[in-house]
Amino acid sequence: MLREACCESSPFPVQSPASQTAQSPPQKNVMKERLISLIESALDTLIDDGTLPADAKRPVQIDRTRDKSHGDFATNIALMLAKPAGMKPRDLAEKLIAALPSDSAVAKVDIAGPGFINFFQADDWLTGLLESALADDFLGIGRPEQPQTVVVDYSSPNLAKEMHVGHLRSTIIGDAVVRTLEFLGHTVIRQNHVGDWGTQFGMLLAYLEEQKAEEGERELSRELANLETFYRAAKQRFDESDTFADRARALVVKLQSGDDYCLNLWAEFNQVSLSHCQAIYDRLGVSLTPSDVRGESAYNDDLAQVVADLDSKGLLSESQGAQCVFMDAFKNKEGEPLPVIVRKADGGYLYATSDLAALRYRAGTLQADRMLYFVDQRQALHFQQMFTLAKLAGFVPEQTELAHMGFGTMNGPDGRPFKTRDGGTVKLIDLLDEAEERAYALVKEKNPQLDEDALRTIARSVGIGAVKYADLSKNRSSDYIFNFEQMLSFEGNTAPYLLYAYTRVASVFRKAELDMASVSGDFLLNEAAEQALAARLVQFAEVLQSVADKGQPHLLSAYLYDVAGLFSSFYEHCPILSSEDEGIRNSRLKLAALTARTLKHGMELLGLSPLERM
RNA sequence: GCGCCUGUAGCUCAACCGGAUAGAGCAACGGCCUUCUAAGCCGUCGGUUGCAGGUUCGAGUCCUGCCAGGCGCGCCA
């Protein structure tokens with residue numbers, strides 16, 4: 001049951017970010033850095049002339065404003081320094097502004113409210129950013145000076161069963177972050193840490209063996225077509241027959257000791273199970289491939305060494321027959337030291353042991369600078385222990401960032417864990433089927449004139465996209481309520497709304513028989529709707545950077561929803577093709593082209609499939 | 001018992017390192033299609049951010065204590 005907490009009895013699971021390590025450096029923003037150095041220079045001036053005490057210098061905070069009337073960026077530096085300077089914040093702000101070096105990127109500087117300094121960026125600075133985004137394959141996103149190698153552990157289903165809704169969040173969120181990291185220029189190594197090893201495989205192999213003898217290969221493939229049924233049948237045999245159960249236990253031992261016959265049987269089972277997973281990935285448009293699979297079994301040969309190394313580092317102690325590591329930071333229910341058990345009294349290894357082996361492999365062989373684990377929030381304590389221990393034992397260098405990107409549970413409309421009507425686990429395949437069917441009905445209702453192929457294509461993009469987007473648009477660490485009606489709605493922050501916004505842009509160019517790449521002329525941003533859209537478009541890079549830093553794709557969702565809304569507003573208020581003035585027409589076409597590319601790239605990073613028409 | 005987490009509008013969700021008037025969508029109500037896809041746009045209504053203190057120029061955000069709920073806590077994964 002790797003990566004899957006026992007989820008039967010947990011209607012309201014934990015919702016915490018609980019990443020124990022520091023985040024990578026703050027996102028770069030050229031304008032921010034520029035303003036910071038201007039402010040620092042002004043501070044130096046005021047310190048030199050004695051207005052400010054010599055120890056007044058501190059990190060300058062500068063943020064984007066929420067309200068356009070406050071300019072584009074604001075700093076609270078005058079508020080922070082007012083007390084040490086013994087001045088009123090607004091008076092200090094005034095002196096700071098007077099001391100600011102002039103800069104062509106800054107059009108205006110204001111004092112507002114209690115003493116905020118607001119910066120208005122110059123129009124030609126903005127249009128310069130727009131031009132460079134439009135001219136660049138990466139939409140103006142610079143390449144990192146030091147690309148990182150990031151190992152991302154995600155999806156990681158249990159191969160004993162079919163994928164169910166519990167695997168959705170890890171798979172989708174992990175994939176969106178992976179795509180974003182790659183787009184930003186980092187090297188990503190996907191690790192699908194599947195659960196392909198453990199006692200339950202004895203039961204499955206025993207049943208597989210039995211079925212092969214009784215039914216022959218053809219029936220067998222039919223039987224395996226539904227892994228859930230197969231698992232249940234095996235479990236039933238295990239429970240009702242002692243001889244079967246004994247055989248199952250014997251098979252586990254043989255399997256783990258490397259018996260060829262067992263390994264072949266095991267490989268056969270896993271191949272079928274993995275092909276089911278891959279079919280889901282393909283259907284979902286998830287970038288995982290068979291070569292990303294490195295399951296629990298891959299670490300089997302390392303487990304003894306992991307324990308031996310812990311021992312040689314003096315970390316290991318025996319408790320009630322088990323090999324344990326006790327760390328001061330972790331206490332149990334009696335307030336006594338809480339062990340990480342790495343070897344059971346019967347000699348068997350555990351989940352923790354293979355995770356330690358994986359950590360060492362990822363740091364050593366894969367040379368990870370950073371490791372991200374997209375695993376259920378309920379395993380927060382486990383990962384805290386693993387990360388602390390891996391560094392303590394020297395399996396992972398101190399400077400490597402280890403982060404558990406935990407996520408909450410997907411609940412049904414009643415706020416309880418999402419289940420079938422009779423309380424069973426919802427298979428992912430069934431969920432996706434229903435999403436596509438619902439989308440198909442909706443699309444057909446809107447556009448009955450479309451042919452079957454077009455309907456199916458649109459329904460796939462909308463249906464699958466809706467399911468993914470519903471997840472990706474929410475804060476990862478919270479639980480969320482899964483609701484088909486809401487996610488398939490054409491209104492609000494949904495996949496259909498975003499997809500539709502893109503088709504409207506695409507349609508402008510189709511109508512005009514123009515190539516998006518061939519837009520020309522200068523940006524002329526006179527209308528409020530144009531300015532608002534433009535100002536938001538140039539923020540793409542910093543949004544992606546924060547998605548990569550925090551592992552929170554909903555930041556990108558929110559951004560794209562915002563861009564789509566600003567475009568829709570622009571589209572209503574600013575005629576593009578019918579504009580009389582050629583300069584304005586060209587400018588609007590350029591804005592539309594950059595919007596289209598931003599929306600398209602953004603949606604693709606989230607794993608949606610944008611459509612040219614719908 | 002100890003630890004972690006959550007509580008924001010009737011509902012579903014936002015709110016960047018503590019910043020300015022807590023934002024969207026749905027629902028309700030009212031406008032806009034002879035003009036680039038109305039799957040759209042514009043507007044109105046809706047809040048003691050669970051409660052009480054504290055820190056701060058400033059608190060949904062930090063601290064303390066309550067209330068409600070969830071999750072985790074020795075040989076499962």
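Per chain, numbering begins at 1; letters A, B, ... match sequence-line order.
In this view, Q385(A) satisfies the side-chain hydrogen bond (donor to acceptor under 3.5 Å, both in side chains) rule with no residue, not counting sequence neighbours. Partners of K590(A) according to the side-chain hydrogen bond (donor to acceptor under 3.5 Å, both in side chains) rule, which considers only residues two or more places apart in sequence or in another chain, are E131(A). Under the rule for a side-chain contact (heavy atoms from CB on, under 4.5 Å), the partners of N270(A) that lie at least two apart in sequence or sit in another chain are L159(A), D196(A), F201(A), W266(A). For D67(A), the side-chain hydrogen bond (donor to acceptor under 3.5 Å, both in side chains) test picks out S69(A), with sequence neighbours left out.
Comparing A15(B), A39(B), G19(B) against the side chain of H554(A) picks out A15(B) as the nearest. Taking only side-chain atoms of R378(A), from C-beta outward, the nucleotide of C42(B), G72(B), A38(B) with the closest atom is G72(B). Distances from the side chain of Y497(A) to the nucleotides C13(B), C73(B), G40(B) place G40(B) closest. Checking C73(B), A15(B), C16(B) against every side-chain atom of L555(A), the shortest atom distance belongs to A15(B). Taking the side chain of V508(A) as heavy atoms from C-beta on, and the options G19(B), C75(B), C36(B), the nearest nucleotide is C36(B).
Stem list for RNA chain B (at least 3 consecutive Watson-Crick or G-U pairs, distances under 3.5 Å): B:1-7 with B:67-73, B:10-13 with B:23-26, B:28-32 with B:40-44, B:50-54 with B:62-66.
If you measure from atom CG of L498(A) to atom P of A39(B), you get 16 Å, rounded to the nearest angstrom. What separates CE of M487(A) from P of U12(B) is a distance of 14 Å, to the nearest Å. Rounded to whole Å, atom P of C13(B) lies 12 Å from atom CE of M410(A). Atom-to-atom, CZ of F540(A) to C1' of C16(B) comes out at 18 Å; the value is rounded to the nearest Å. Residue R476(A) contributes atom CZ, which lies 17 Å from atom P of C13(B) at whole-angstrom precision. We find that CG of N475(A) is positioned 14 Å from C1' of U61(B), with the value rounded to whole Å. Here the C1' atom of nucleotide U56(B) and the CG atom of N76(A) are 13 Å apart, to the nearest Å. Distance OH (Y480(A)) to C1' (C11(B)): 17 Å, rounded to an integer number of Å.
Under a 3.5 Å cut-off, the side chain of D515(A) and the backbone N or O of S518(A) do not form any donor-acceptor pair.
Between the P atoms of C36(B) and A24(B), the separation comes to 28 Å (whole Å). Using atom C1' as the reference point in both C66(B) and A28(B), the two lie 37 Å apart (nearest Å). Between the C1' atoms of U64(B) and G23(B), the separation comes to 30 Å (whole Å). With both ends at atom C1', the span from C5(B) to C11(B) equals 23 Å, rounded to whole Å. Between the C1' atoms of G46(B) and G1(B), the separation comes to 44 Å (whole Å).
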Look for any protein N or O under 3.5 Å of an N or O in nucleotides 20-24 of chain B and output each such pair with its distance, or none.
| unit_1 | atom_1 | unit_2 | atom_2 | d |
| --- | --- | --- | --- | --- |
| A20(B) | N6 | N118(A) | OD1 | 2.8 |
| A20(B) | N1 | N118(A) | OD1 | 3.3 |
| A20(B) | N1 | N118(A) | ND2 | 3.4 |
| A24(B) | O2' | Y561(A) | OH | 3.3 |

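For the side chain to side chain contact (heavy atoms under 4.5 Å, CB included) criterion with F116(A), the lone passing option out of L79(A), T65(A), T75(A), D63(A) is L79(A). The side chain to side chain contact (heavy atoms under 4.5 Å, CB included) test with V342(A) singles out one residue from D355(A), L315(A), L356(A), V306(A), and that residue is L356(A).
Sorted by first and then second residue, the salt bridge (Lys or Arg N to Asp or Glu O under 4.0 Å) pairs with a member in residues 565-575 of chain A read R504(A)-E572(A); sequence neighbours excluded. Pairs engaging residues 574-584 of chain A under the salt bridge (Lys or Arg N to Asp or Glu O under 4.0 Å) rule: none recorded [sequence neighbours left out]. Applying the salt bridge (Lys or Arg N to Asp or Glu O under 4.0 Å) test to residues at least two apart or on different chains, none of the pairs has a partner in residues 83-92 of chain A. Applying the ring-ring contact (aromatic ring centres under 6.0 Å, His included) rule to pairs touching residues 564-594 of chain A yields F567(A)-F570(A), F567(A)-Y571(A), sequence neighbours excluded.
An OP1 or OP2 oxygen of C5(B) is reached within less than 4.0 angstrom by no side-chain nitrogen or oxygen of S477(A). Using a 4.0 Å cut-off, some side-chain N or O of R504(A) falls inside it from OP1 or OP2 of A38(B). Taking 4.0 angstrom as the limit, K83(A) places none of its side-chain polar atoms (N or O) nearer than this to OP1 or OP2 of U56(B). Put simply, K474(A) has no side-chain N or O that comes within less than 4.0 Å of OP1 or OP2 on C13(B).
Contact check on D414(A) versus R416(A) returns no salt bridge, with no Lys/Arg side-chain nitrogen under 4.0 Å from an Asp/Glu carboxylate oxygen. A salt bridge between R456(A) and E436(A) is absent, with no side-chain N of the basic residue lying under 4.0 Å from a carboxylate O of the acidic one.
Where L381(A) and E612(A) meet RNA chain B, the nucleotide closest to each residue was compared, and E612(A) sits on the side nearer the 5' end.
Heavy atoms of S568(A) sit under 4.0 angstrom from primed sugar atoms or phosphate atoms, though from no base atom.
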Walk along nucleotides 26-31 of chain B from 5' to 3' and tag each nucleotide B, S or - by protein heavy-atom contact under 4.0 Å, base first, then sugar-phosphate.
S-----

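Residues of residues 570-579 of chain A having a heavy atom closer than 4.0 Å to RNA chain B, listed by number: Y571(A), E572(A), H573(A), C574(A), P575(A), I576(A), L577(A).
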